[in-house]
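This report concerns only the one structure given below.
Just so you know, these numbers come straight off a predicted model, no measurement behind them. Here is how names work: the chains are called A, B, and so on, in the same order as the sequence lines, proteins then strands, and each is numbered from 1. Just so it is clear, the values below take in all heavy atoms, side chains as well, and ignore hydrogens, waters and symmetry mates.
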Amino acid sequence: MGHDPWSELRDRAEQELRTIEFELHLTTPGTVSDAPEDRGLFSLATHAWAKELKQSPAEIASRVARHKVGPPFVALRPEGPYANFIMEPGAFAELVLTSVGSLGERYGQSPPRKERILLEHTSANPTGPLHVGRARNPFLGDALVRSLRFVGFPVTSEYLVNDIGRQMVLLYWAVTHLPGKTKDPEERLEYRYVKLYQEASERLEKDEPLKREIEQLTQRFEGGDVRLTKDIRKVGEAILESILDSLRRVNVTFDSFFWESDAILDGSVQRVIERLMPLSKEEDGAHYIDLSSFGLEGDAAKYVFVRKDGTSLYTTRDIAYHLNKMARCDLAINILGEDHKLTFQRLKSAFSLMGIDWAPETIFYAFVNLPEGRMSTRKGRVVHLDDLIDEALDRAYVEVSKRRTDLSEAKKREIAETIGISAVRYNIVRVQAEKAITFRWEEALNFEGNSSPFVQYAHARACSILAKSNGSGRADHRLLVHPQEQRLLRRIAKFPSGLRDAALGRRVHSVAGEASEFAAQFNQFYRDCPVLTAEPESLRDARIDLVSAARIVLQNALECLGLKAPKEM
RNA sequence: GCCCGCGUAGGUUAGUCCGGACAGACUAUCGGGCUUCGGACCCGAAGACCCCGGUUCGAAUCCGGGCGCGGGCGCCA
């Protein structure tokens, strides 16, 4: 048996099914599905054959069950309209633990794949600090990067740095022209800059000369003024560093960065403009492509790529960026806020008009709102990621202190950090990306039930048992026939395929769900099956191996979500 | 108005792609469990598929039409 016991067993069941179809001369193909817990491994639903065989599903199930199944199955047991594949429990345990044993810490991984994935996520504009709404992006993105890697893909994570455009130019102007009000050395750069930016933004509304100055700066910028580009980029770099500091706190890092200004400087934006020109229409000196043949109407169909002053738009640079991306990977994935849906649809349509039959795969996530409504920096109605982290650390510290009076201060801080940060990430990532989230402190920092500490606690508990066990030399895995042991084994067996399906389906939330259910099952096993005191020794050692296998699954599930697996907490 | 997404117990949600065994969990409520390998745990009670049609042996799941909520429809990013 190899890396994925469940899929291998399922293949065997499917072979049996084909034999059955042949024996009964069936023309309608049946399907093998997972049987409910405690009722065998897989099941055949017989309803679909009722018409063809002119028998009731229950009769067919009994008839099918007379088929002699081969190993590893020992029986096909009829239950109502179903026939369930039964495997001898001891043999199942042996098979699963042999599989875990041969892979060790790598259990759950799938064989390497060739397809190179370039996954772009976060890409927040370097004009201010990250808030929780946007933080859904790095959490989702990073977990997907880790999961895809774990199941065998070479993945590069990338951050698109938007150091171009009006916002950036205005910020640059604000930073170089406005005096900073506070000299508080504690205040982070990005917070100071964002205040200056807001001030400049307000002034811009009624200040005509300033408006012209910004326009001129933009033109110089785009005209390839290297010195100005570098100066503006310096401002962007400073804020980006600050954003990346926040992200490092939550264990998110990137493999590569793409600076939009590079696409201007190397001429690729200009080449995109030249390529689009023949396809474009003109209006007041501005150029756009008409996308009305792609199901878009009105302004949505008007894809402007050159302003009347000749400068490019985000649109144009986005095309340049994606052309560049296309050459660097076999599959591109973008994690985007749902406000980018139309933009993306237009990008795809434009590509199609250009004769390019390629587009990145996209994952759109819904916004994280506050109970009072949408987060808005302008209205001061935001929760910054750093504030959420700080609060999480504080609350986690309180919880740790309550339970662990025996630990040193440093150790308590360390544990509070693993728990607090993980809780924040887990609570965002456990929900499907397309569902809107309303941010509430008590939910964002949940430490029990379906939460990261719940999963981590199970891991720590397993570690604690293993630490006291002194190895397991005489294990007889065939003794693991207790229902709780079998349920746990079943979840262990399903882990590799479950994780692979989640990664291939880009459903990170189901990794979180499975981790939580796994932990719950481990706790039930823990309650019913003593490990260290089990008799005889061959059972005790078998249980130790089971705990070890469960521990590996918990650790790897946490790892895929970007969470730490503490040995104690 | 048009386009996209979402709608499951009091609250938060899994299942929806690919239709099948009593819709699974967390939380809140009520009631239990420490002779502990770590109680951030476990057990029990009660509680849900937005509405109307259709397809099907069978629909939370597929199709059509509503209703409600979110997002979008910039020479912003």
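- One interatomic measurement links the two molecules: CZ of F344(A) to C1' of G71(B), which rounds to 17 Å at whole-angstrom precision.
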Sub-3.5 Å pairs of nitrogen or oxygen atoms, protein against nucleotides 55-65 of chain B:
residue : atom : partner : partner atom : Å
C57(B)  : OP1  : K51(A)  : NZ           : 3.1

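- If you take OH of Y365(A) and P of G5(B), they are 18 Å apart, rounded to a whole angstrom.
- With the nearest nucleotide of RNA chain B identified for both R39(A) and E260(A), R39(A) has the one nearer the 5' end.
- The K468(A) side chain lies nearest to C37(B) when the options are C37(B), A40(B), G71(B).
- The base of A21(B) sits with one of its N or O atoms less than 3.5 Å from a complementary donor or acceptor on the side chain of N84(A).
- Looking at H340(A), its side chain never comes within 3.5 Å of a backbone N or O of L336(A) through a donor-acceptor pair.
- In the set C37(B), G5(B), C26(B), the nucleotide with an atom closest to the side chain of N450(A) is C26(B).
- Straight-line distance between the P atoms of A59(B) and C51(B): roughly 15 Å, to the nearest whole Å.
- With sequence neighbours left out, E213(A) forms a salt bridge (Lys or Arg N to Asp or Glu O under 4.0 Å) with no residue at all.
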Under the side chain to side chain contact (heavy atoms under 4.5 Å, CB included) rule, what do L144(A) and I363(A) come out as? Steps first, then yes or no, please.
-> CA-CA 11 Å; L144(A) 188 55; I363(A) 293 164; 3.4 Å; yes

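- Comparing G15(B), A40(B), G72(B) against the side chain of D339(A) picks out G72(B) as the nearest.
- U16(B) atom P lies 7 Å from atom CZ of R507(A), rounded to whole Å.
- Side-chain to base pairing of S43(A) with A21(B): one donor and one acceptor N or O lie within less than 3.5 Å of each other.
- A gap of 13 Å separates the C1' atoms of U61(B) and U56(B), to the nearest Å.
- Nearest to the side chain of E568(A), among A77(B), G70(B), G38(B), sits G38(B).
- Rounded to whole Å, the C1' atom of A28(B) lies 34 Å from the corresponding atom of G19(B).
- Side chain S516(A) to base A25(B): no donor-acceptor pair is found below 3.5 Å.
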Pairs: protein N or O with nucleotides 7-10 of chain B N or O, under 3.5 Å:
residue : atom : partner : partner atom : Å
G7(B)   : OP1  : K435(A) : NZ           : 2.9

